[in-house]
Amino acid sequence: MIRKRPNDRSSNRQQRSSLWQKCTNLRALKQVHASMVVNGFNSNYSAIRELIFCSAMAISGTIDYAHQVFDHVSEPDNFLWNTMIRGSAQSQSPLNAVLLYTRMENRHARPDGFTFPFVLKACTKLSWVKMGMGIHGKVVRFGFESNTFVRNTLIYFHANCGDLRIASALFDDSAKRDVVPWSALTAGYARRGKLDVARRLFDEMPVKDLVSWNVMITGYAKQGEMESARKLLDEVPKRDVVTWNAMIAGYVLCGSNEQALQMFEEMRSLGEKPDEVTMLSLLSACADIGDLDVGQKIHTALLEMGSGDMSIILGNALIDMYSKCGNIEGALEVFRRMRDKDVSSWNSVIGGLAFHGHSEESVNLFKEMRRLKVRPNEITFVGVLVACSHAGKVEEGRGYFNLMRNVYRIEPNIKHYGCMVDLLGRAGILNEAFEFIEKMEIAPNAIVWRTLLGACRVHGNVELGRRANERLLEMRRDESGDFVLLSNIYASRGEWQGVEEVRKLMDDCGVKKEAGCSLVEADNSALMHFLFDSKPKSR
DNA sequence: CTTTACATCA
C-alpha cells in the first residue's frame with residue numbers, strides 16, 4: 001500500500017527518458033510537465049532541459065510553450081539559451097531568436113560557437129540585413145571568426161540576404177572550403193537570380209554531395225527554370241526525398257500543378273517515400289487547381305502514414321485544401337479532429353466558412369475561439385468581418401471592428417477597411433461607407449473604391465458612384481503608372497527581387513497593370529480575391 | 001546542441 005516511493009532515482013530517470021519519447025504533441029508534453037511538477041521534478045534542471053528541448057525543437061508548433069517554461073528558469077545556461085534561439089529561429093517567428101539573443105547579452109551570458117549559427121539563421125530567415133551585420137560584428141568581438149560553423153553560417157547569411165561580395169570574400173579567405181560553404185554560396189547566388197554564377201560555382205565544386213545537387217536543382221526551380229531543373233534531375237547521381245520535393249515545389253510555384261502531381265507519381269514509382277514536405281506542396285497544388293479527388297487521396301495517405309497526431313502545419317494545409325476545393329465539411333472535419341491547433345487553423349476555417357457563405361457558423365467558431373482564449377490576429381478578423389458582411393449583420397460587424405481595435409489592440413489594415421466598406425455598402429449605407437473611406441487612417445486602395453462603386457451601382461446611387469469612380473480613375477492613373485515605372489527601373493538593372501517587391505506592392509494596393517476601365521462586376525469577387533488570395537503566383 | 005537543400009496559411 002505504501003510501496004512505490006520515488007526513492008529509486010535511476011528507475012525514475014529511466015521512466016522519464018521513455019516518457020519523453022512518447023511526447024509527440026503538446027497535450028502529452030503538458031501531461032509530462034504536470035507529472036513533473038507533482039513529483040517534485042520541477043526544480044530538477046535536467047528535466048526542465050529536456051522539457052524545453054522537446055517543446056522548442058522536437059515537436060513542431062510548441063515553441064510558445066517552451067518560451068513559457070524558459071521564462072521561469074532563473075539562471076539558464078548556454079545550452080538552454082542556444083536551444084531556445086535555435087528553436088525560435090526555425091519557428092514561424094524567427095524574430096524571437098534575435099530578441100532572445102539580445103536578452104542573453106543583456107543578462108551577461110556569453111554567446112558561444114553554437115549561439116551564432118542559430119541567431120544568424122534567424123537573421124537570414126527574416127532577411128534582416130542590418131541585424132545580421134550587427135551579429136557579424138559580435139562574432140568578431142567575441143572571437144569566433146575562425147570557427148568553421150560560425151564562418152559557414154556567416155557565408156550563408158551574406159549569400160542569401162546580405163552582401164554577396166562579403167559572402168564571396170569570406171569564402172575565398174576560408175581555410176576550409178569544403179562542400180558546405182561552397183553550397184551555401186551557390187544557393188545564395190541562385191536565390192539572388194544569378195543562376196549563371198551559381199552554375200559556375202556548382203560546376204567548379206571539387207566534391208559534390210547530395211545537398212549541393214539539391215541546391216542547384218532548387219536554385220533553378222525557385223527561378224522557374226524547370227527545364228534546367230529537370231535536366232539536372234536526370235543527371236543527379238543520387239536522389240533523395242528533398243530532390244523530389246524541390247522539383248514538386250518548383251512546379252507548384254510556377255503554377256504547373258499537373259506537372260507537380262506527375263512528378264509525385266514518378267517519385268512513387270521509383271520507390272521514394274513522400275514526407276510531410278511533399279504532402280504540403282501537393283496540398284497547395286490541389287488547393288490551387290481545386291482538385292478535391294487528389295486532395296482527399298493525400299488526406300487518406302496521410303492518415304495511413306502518420307503514426308500519431310496530425311501536425312498543425314499539415315492540418316492547416318488540409319483545411320485550406322478542403323476549403324479552397326469548396327468542401328467546407330471536409331475542412332471542418334479536419335479542424336475538429338486536430339488535437340493541437342494554432343491561430344492559422346482557426347483562421348483557415350473561420351475564413352473558409354465566411355467565404356462560402358456559412359456566416360453563422362463562421363461567427364460561432366469565432367466565439368468559440370474566444371471562449372477557448374485563443375488570441376485572434378488581424379487575419380481572423382478579416383474572416384469574421386466577411387461573415388458579417390455576407391449575412392448583412394451591420395451592427396455585429398461594427399462591433400467586431402471595434403473589438404479588434406479596442407480589446408485586441410490590432411490596428412485595422414486595408415483589408416479590414418475593405419470588409420467594412422463592403423459591409424456598409426451591401427446594406428445600402430452608402431454615405432457612411434464613403435465617409436468611412438475618407439476617415440481611414442491609411443490610404444485607401446483601388447479595391448476599396450471599387451467595392452464602394454459596386455455597392456453604389458447595386459443601390460442605384462449615381463452621385464456617390466460618380467465620385468467613387470473619379471477617385472478610382474485618379475488612383476489608377478497615378479499608382480499603376482508609378483508602379484510600372486518603378487518595376488521597369490528594377491528590371492533594367494537586373495534587380496529581380498525589386499521587381500517582385502513592386503509586384504507584391506501592387507497586389508497589396510489592389511492596382512492592376514491592365515489599363516483601367518471603370519466597369520465593376522456586380523458581385524464582389526475582386527474584393528474576395530484581394531482578401532483571401534495572398535499568393536502572388538507567377539504567371 | 002551547430003553549418004549548405006525541400007515547406008501550409010496570411
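Just so we're on the same page: letters track the sequence lines, and every chain starts at 1.
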S.K.: Do you know the tightest heavy-atom contact between A:V294 and A:C286?
M.R.: CG1-SG, 3.6 Å

S.K.: Between A:K121 and B:dC1, is there a contact of a side-chain N or O with OP1 or OP2 at under 4.0 Å?
M.R.: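 Checking A:K121 against B:dC1: no side-chain N or O falls below 4.0 Å of OP1 or OP2.
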
S.K.: Separation of A:M267 atom CE from B:dC6 atom C1', in whole Å?
M.R.: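 Distance, rounded to whole Å: 10 Å.
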
S.K.: Give a yes or no on whether a salt bridge exists between A:E368 and A:R336, defined as a side-chain N under 4.0 angstrom from a carboxylate O.
M.R.: yes

S.K.: Taking atom P of B:dT4 as reference, at what distance in whole Å does atom CG of A:L185 sit?
M.R.: 14 Å

S.K.: When you check the phosphate oxygens OP1 and OP2 of B:dT3, does a side-chain N or O of A:K176 lie under 4.0 Å from one of them?
M.R.: no

S.K.: Nearest-Å distance, CZ (A:F118) to P (B:dT2)?
M.R.: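 Taking atom P of B:dT2 as the reference, CZ of A:F118 is at 7 Å.
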
S.K.: Report which part of the nucleic acid A:S348 touches: base, sugar-phosphate, or nothing (heavy-atom distance under 4.0 Å, all strands).
M.R.: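 It contacts nothing in the nucleic acid.
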
S.K.: Is the distance from OP1 or OP2 of B:dC6 to the nearest side-chain N or O of A:R191 less than 4.0 Å?
M.R.: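 So the side chain of A:R191 is within the cut-off, an N or O lying under 4.0 Å from OP1 or OP2 of B:dC6.
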
S.K.: Rounded to the Å, how far apart are A:D340 CG and B:dT8 P?
M.R.: 20 Å

S.K.: Taking the six-membered ring of A:F116 (Phe, Tyr or Trp), confirm whether the NZ or CZ of A:K138 is under 6.0 Å from its centre and within 45° of its axis.
M.R.: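 A:K138 over A:F116 ring: no.
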
S.K.: Can you check the A:F116 CZ to B:dT4 C1' distance for me, whole Å?
M.R.: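 Atom CZ in A:F116 sits about 20 Å away from atom C1' in B:dT4.
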
S.K.: So which nucleotide from B:dA7, B:dC1, B:dA5 ends up closest to the side chain of A:V277?
M.R.: B:dA7

S.K.: For the base of B:dC6 and the side-chain ring of A:W244, does the geometry meet a stacking cutoff of under 5.5 Å between centres and under 30° between planes?
M.R.: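 No, aromatic ring not over the base.
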
S.K.: By nearest nucleotide on DNA chain B, pick out whichever of A:T148 and A:L280 is the more 5' one.
M.R.: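 Whichever sits nearer the 5' end wins; that is A:T148.
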
S.K.: Within the structure shown, what part of the strands sits under 4.0 Å from A:N78 by heavy-atom distance: base, sugar-phosphate, or nothing?
M.R.: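 Counting heavy atoms under 4.0 Å across all strands, no contact is made by A:N78.
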
S.K.: Write down the atom of A:A198, the atom of A:T186, and the distance for their closest heavy-atom approach.
M.R.: O-CG2, 3.4 Å

S.K.: Look at A:R199 together with A:D203 and state whether they make a salt bridge at an N to O cut-off of under 4.0 Å.
M.R.: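 Salt bridge present between A:R199 and A:D203.
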
S.K.: What nucleic acid atoms does A:F114 come within less than 4.0 Å of, heavy atoms only: base, sugar-phosphate, or nothing?
M.R.: base

S.K.: Return the nearest nucleotide to the side chain of A:S344; candidates are B:dC9, B:dT4, B:dT8.
M.R.: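 Nearest to the side chain of A:S344 among the choices is B:dC9.
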
S.K.: What is the distance from CD of A:E272 to P of B:dC6, rounded to the nearest Å?
M.R.: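 Whole-Å distance recorded here is 16 Å.
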
S.K.: Determine: side-chain N/O of A:K415 to OP1/OP2 of B:dA10, distance under 4.0 Å, yes or no.
M.R.: no

S.K.: Under 4.0 angstrom, heavy atoms only, what part of the nucleic acid is A:I313 near: base, sugar-phosphate, or nothing?
M.R.: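 Base, at least one base heavy atom under 4.0 Å.
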
S.K.: Over how many whole Å does the gap from A:I217 atom CD1 to B:dA7 atom P extend?
M.R.: 13 Å

